[in-house]
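This is a predicted model, so every value here is computed, not measured.
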2 protein chains.
Amino acid sequence: MNTELSAPGPSATAVEKGFCPVYRAIGVLQEKWVLHIVRALLDGEKGFNELARAVGGCNSATLTQRLEHLETLKIIDKRTEDTHGKLARSVYTLTPVGRELQSVIDAIDTWGRAHLQEGHPGVVSAQGC
Amino acid sequence: MNTELSAPGPSATAVEKGFCPVYRAIGVLQEKWVLHIVRALLDGEKGFNELARAVGGCNSATLTQRLEHLETLKIIDKRTEDTHGKLARSVYTLTPVGRELQSVIDAIDTWGRAHLQEGHPGVVSAQGC
DNA sequence: TACACCGCTTGACATTTTAAACCGGTGGGC
DNA sequence: GCCCACCGGTTTAAAATGTCAAGCGGTGTA
């Protein structure tokens, strides 16, 4: 309430800020796991479980939900690979739009490496990073 | 909790991915409102309520919590301004580390402007962007 | 036949975010 | 002096969101 500018409006939240692409972009990217998913996919297309593993800890329910959302936003593409016979493998890829998030991930990566180094002893800097 | 930075526990989730700063950075930046807060502060230091308004919709409880977290991460600084007489105003600023998130915000900004232009049903545009 | 993997879905549960009211204090108008 | 708006928050309970574990139909490998 104290965060309102002036709007006595019912819907509140993001609206009174006025719509802007940056605001929305942040809204999308801050959803839990989204950046992890994008990062994993920048590394190449992946199947569902494969993606879950690459992302590192997201459970299937959440992952399904995120993937649906990202698909409607046209950030990723879901393709059902009709392999031999009946088994259909789902493959997730970034769309061109999604691939452009590379710059965002890079920026985060750079920042993280520069400022978040305080690692724990015993944790060897693995790759896959 | 699994994205916790300080987790000393060798157990659980994120670990099998192997520790890496990017992973951790994503963990920090994806917390709700964090990017909004950083963006607002990149625009100049702000008081508590002022920040809440700039961020656009975050409630005070969450904001308090986020600010504390960001402070322990040394991304922001809290200063208590001893204004004329008695009234103490709290002012939040980005540290140099926090200021370097400018590149991340810029990347998101660029991406958002390029790909998120189409309106969203029900969201009326205003200003402040 | 048995067992491990695939891509999910379900339903119960835990955590996080939220609105709203409230606290003590300041400052200004009347 | 009284009223009321603003400051920086805290507290509550309820809603939203995320998670866990189990399980489904199906395949492929041994």
Exercise. Closer than 4.0 Å, any side-chain N/O of Trp33(B) to the OP1 or OP2 of dT16(C)?
Worked result: no

Exercise. Would you say a side-chain N or O of Arg53(A) is under 4.0 Å from OP1 or OP2 of dC5(C)?
Worked result: no

Exercise. For Lys32(B), does its backbone N or O pair with a side-chain atom of Arg66(B) as donor and acceptor, under 3.5 Å?
Worked result: yes

Exercise. Distance check: side-chain N/O of Lys32(A) vs OP1/OP2 of dT15(C), anything under 4.0 Å?
Worked result: no

Exercise. Starting at CG of Leu51(A) and ending at P of dC6(C), how long is that distance when rounded to a whole Å?
Worked result: 12 Å

Exercise. Taking only N and O in the side chain of Ser90(B), is any of them less than 4.0 Å away from OP1 or OP2 of dG8(D)?
Worked result: no

For this session: Look at Ser60(A) and dG7(C) and indicate whether a side-chain polar atom (N or O) is within less than 4.0 Å of OP1 or OP2.
Result: no

Exercise. Does dT17(C) have OP1 or OP2 sitting under 4.0 Å from an N or O in the side chain of Asn59(B)?
Worked result: no

Exercise. So, Arg113(B) and Asp109(B), do they make that salt bridge, N to O below 4.0 Å?
Worked result: yes

Exercise. Between the side chain of Trp111(B) and the main-chain N/O of Gly98(A), is any donor-acceptor distance below 3.5 Å?
Worked result: no

For this session: Find the distance Ile37(B):CD1 to dT17(C):P and express it as a whole number of Å.
Result: 11 Å

Exercise. Given dG8(D), is OP1 or OP2 found less than 4.0 Å from the side-chain N or O atoms of Lys46(B)?
Worked result: no

Exercise. Out of dC8(C), dC7(D), dC6(C), which nucleotide sits closest to the side chain of Arg89(A)?
Worked result: dC6(C)

Problem set entry | Nucleotide dC8(C), atom P - distance to CG of Asn49(A) in whole Å | 9 Å

For this session: Tell me which residues in residues 64-74 of chain A put a heavy atom below 4.0 Å from DNA chain D, sorted by number, or none.
Result: Gln65(A), Arg66(A)

Problem set entry | Check: Tyr92(B) side chain, Ile37(B) main-chain N or O, donor-acceptor pair, under 3.5 Å | no

Exercise. For the pair made of CD in Glu31(B) and C1' in dT17(D), what is the distance, rounded to whole Å?
Worked result: 14 Å

For this session: Tell me which of Gly47(B) and Ala61(B) sits closer to the 5' end of DNA chain D, going by the nucleotide each one is nearest to.
Result: Gly47(B)

For this session: May I have the distance from Leu63(B) (atom CG) to dT10(D) (atom P), rounded to whole angstrom?
Result: 11 Å

Exercise. So among Leu101(A), Leu94(A), Thr93(A), which one has a side chain to side chain contact (heavy atoms under 4.5 Å, CB included) with Leu41(A)?
Worked result: Leu94(A)

Seminar exercise, completed: With sequence neighbours left out, the residues meeting side-chain hydrogen bond (donor to acceptor under 3.5 Å, both in side chains) with Asp77(A) are none

Problem set entry | Polar side-chain atom of Thr95(A) near backbone of Ile75(A) as donor-acceptor pair, under 3.5 Å | yes

For this session: Kindly point out which of dA19(C), dC8(C), dT19(D) is positioned nearest to the side chain of Thr62(A)?
Result: dT19(D)

